[in-house]
Amino acid sequence: MRAPPARGGYGAALVMILVTYVLALSAENRWMVTLLLFAQTLTVWQVLRIAGARRGFRIAAALVFLLALIAAGLNLLAHASPLVGWTFSAASALYLLAPVPIVRHLGRRERVDRQTLLGALAAYLLIGMSFGFAYECLAVLQPGPLFGSEGDPGLADALFFSFVTMTTTGYGDFVPDGNPAQSLAVLEALVGQLFLVTAVAKVVDNWRPGAWSEPGRES
C-alpha cells in the first residue's frame with residue numbers, strides 16, 4: 001500500500017532541502033545541529049509523502065525518524081563527542097533514505113516534465129548532503145583529523161567537499177588523510193556519476209516536446 005502523494009510536488013520538497021542546507025551552513029553549535037535534525041526529519045517525511053513511498057518503507061523510515069529524534073534530544077543534553085557524531089550519523093541516514101522512493105517514483109513516470117527534473121535534483125542534493133553529514137560524523141568520531149594538516153572540517157566545509165567529490169570536480173583543497181574517509185569519497189564519486197548517468201538516460205529516453213506545457217502533466 002502506497003502513501004497518498006502530497007500536494008506541492010517536488011518543488012516544495014526542493015525548497016525544504018535548500019532550507020536545511022542553509023541551516024547546515026550555520027550549524028555551529030549543538031542547538032543548531034538539533035534544529036537541523038528536526039528540519040531534516042520533516043523534510044524526509046514530506047519527501048516520502050510526495051513520492052508515495054510503500055508502507056514497508058515508511059515503517060522502516062519511521063524507525064530512522066525515531067532514532068534521529070532521540071539523537072537530537074541527546075545532543076541537547078550532552079557535550080560528548082560520540083553523541084555529536086551519532087547525531088550527524090542520524091542526519092546522514094535520513095538523507096540517504098529519502099532518495100530511494102524518489103528514484104522509484106520517477107522511474108514510473110511515463111514522460112519527463114517539471115516534476116521529473118525537480119525530483120531528480122532533489123534526490124541529487126539529498127545524496128550529496130547525506131555524504132557531507134557522513135564526513136562530519138567521521139571527523140567527530142575518528143581519533144585523527146579527517147583532512148590531515150587541514151584538520152577537521154566544519155559542517156559547511158564537509159558539505160562543500162561532498163559536492164565537489166560527487167561531481168568529481170576535485171579542487172584538491174581538502175583531501176581525506178586516510179580510511180574510512182577515502183573509501184567513502186570513492187563511493188560517493190561512483191554513486192554521483194551513476195546517478196547522473198541514469199538520470200540523464202531517463203530524461204533522454206522519456207523526453208517528449210511540449211510535455212511541460214500540457215495540462216495535468218505536472219502532478
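Only a predicted model underlies this, so the values are computations on that prediction, with no experimental measurement involved. No hydrogens, no waters, no symmetry mates; every other heavy atom, side chains included, goes into these values. Numbering starts at 1 and runs along the sequence shown.
The hydrophobic side chain of Val22 is isolated, with no ILVMFWY side chain under 4.5 Å apart from it. Through side-chain heavy atoms spaced under 4.5 Å, either directly or across other Ile, Leu, Val, Met, Phe, Trp or Tyr residues, Leu96 is tied to no other residue.
Across all non-hydrogen atoms, the minimal contact from Ala122 to Ile102 is CB-CD1, 4.4 Å. Residues Ala185 and Tyr135 come closest through the heavy atom pair CA-OH, 3.1 Å. Phe133 approaches Gln40 most closely through the heavy-atom pair CE1-NE2, 3.0 Å. Taking both residues in full, the closest heavy atoms of Asp152 and Gly144 are given as OD1-O, 4.0 Å, listed atom of the first, atom of the second, then distance. Across all their heavy atoms, Pro180 and Leu138 have their closest contact at CG-CD2, 3.7 Å. Nearest approach of Leu126 to Pro99, heavy atoms of both residues: CB-CG, 3.7 Å.
For Ser183, the side chain to side chain donor-acceptor pair (under 3.5 Å) criterion is met by Asn179, not counting sequence neighbours. Considering only residues two or more places apart in sequence or on other chains, Ser92 meets the side chain to side chain donor-acceptor pair (under 3.5 Å) condition with Ser130. In this structure Thr43 satisfies the side chain to side chain donor-acceptor pair (under 3.5 Å) test with no other residue, sequence neighbours excluded.
Considering only heavy atoms from C-beta on, Leu25 stays 4.5 Å or farther from Leu155 through its side chain. Side-chain contact check for Phe195 versus Val103: some heavy-atom pair is nearer than 4.5 Å.
In this structure, CG in Leu48 is found 6.0 Å from CZ in Phe57, a value given to the nearest 0.5 Å. The structure places OG of Ser89 at 12.5 Å from CD of Glu136, a figure rounded to the nearest 0.5 Å. Atom CG of Leu37 sits about 12.5 Å away from atom CE of Met32, to the nearest 0.5 Å. In this structure, CG on Leu94 lies 14.5 Å from CH2 on Trp45, to the nearest 0.5 angstrom. Atom-to-atom distance recorded for Leu121:CG and Tyr124:OH is 10.0 Å, nearest 0.5 angstrom.
Under the 4.5 Å side-chain heavy-atom criterion for Ile, Leu, Val, Met, Phe, Trp and Tyr, Val175 and Leu187 are members of distinct hydrophobic clusters. Leu36 and Leu18 fall within the same hydrophobic cluster, where Ile, Leu, Val, Met, Phe, Trp and Tyr residues are linked whenever their side-chain heavy atoms come under 4.5 Å apart, directly or through other members. Transitive grouping of hydrophobic side chains (ILVMFWY, heavy atoms separated by less than 4.5 Å) keeps Val100 and Leu190 in distinct clusters. Ile127 and Val186 fall into different hydrophobic clusters, defined by Ile, Leu, Val, Met, Phe, Trp and Tyr side-chain heavy atoms under 4.5 Å apart, directly or through other members. At a threshold of 4.5 Å between side-chain heavy atoms, the hydrophobic network of Ile, Leu, Val, Met, Phe, Trp and Tyr places Tyr95 and Leu194 in two separate groups.
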**Message:** I'd like to know whether Leu106 forms a side-chain contact (heavy atoms from CB on, under 4.5 Å) with Tyr10, so could you lay out the CA-CA distance, the side-chain angles of the two residues, the decisive distance to 0.1 Å, and finally the verdict.
**Reply:** CA-CA 11 Å; Leu106 296 182; Tyr10 288 112; 4.0 Å; yes
**Message:** Could you walk me through whether Ile59 and Arg55 satisfy the side-chain contact (heavy atoms from CB on, under 4.5 Å) test, starting with their C-alpha distance in whole Å, then the side-chain angles of each, then the deciding distance to 0.1 Å, before giving a yes or no?
**Reply:** CA-CA 6 Å; Ile59 293 174; Arg55 183 173 181 273; 3.8 Å; yes
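Remark: the backbone N or O of Ala53 is paired with a side-chain donor or acceptor of Arg58 at under 3.5 angstrom. Judged by distance alone, the side chain of Gln46 and the main-chain N or O of Ala13 form no donor-acceptor pair under 3.5 Å.
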Would you tabulate the side-chain donor-acceptor contacts of residues 159-167 under 3.5 Å, counting partners in other chains and residues two or more places apart, or write 'none'?
| residue | atom | partner | partner atom | Å |
| --- | --- | --- | --- | --- |
| Ser162 | OG | Gly128 | O | 2.5 |
| Ser162 | OG | Gly132 | N | 3.3 |
| Ser162 | OG | Glu188 | OE2 | 2.5 |
| Thr165 | OG1 | Phe161 | O | 2.8 |
| Thr167 | OG1 | Phe163 | O | 2.7 |
| Thr167 | OG1 | Val164 | O | 3.3 |
| Thr167 | OG1 | Thr169 | OG1 | 2.7 |

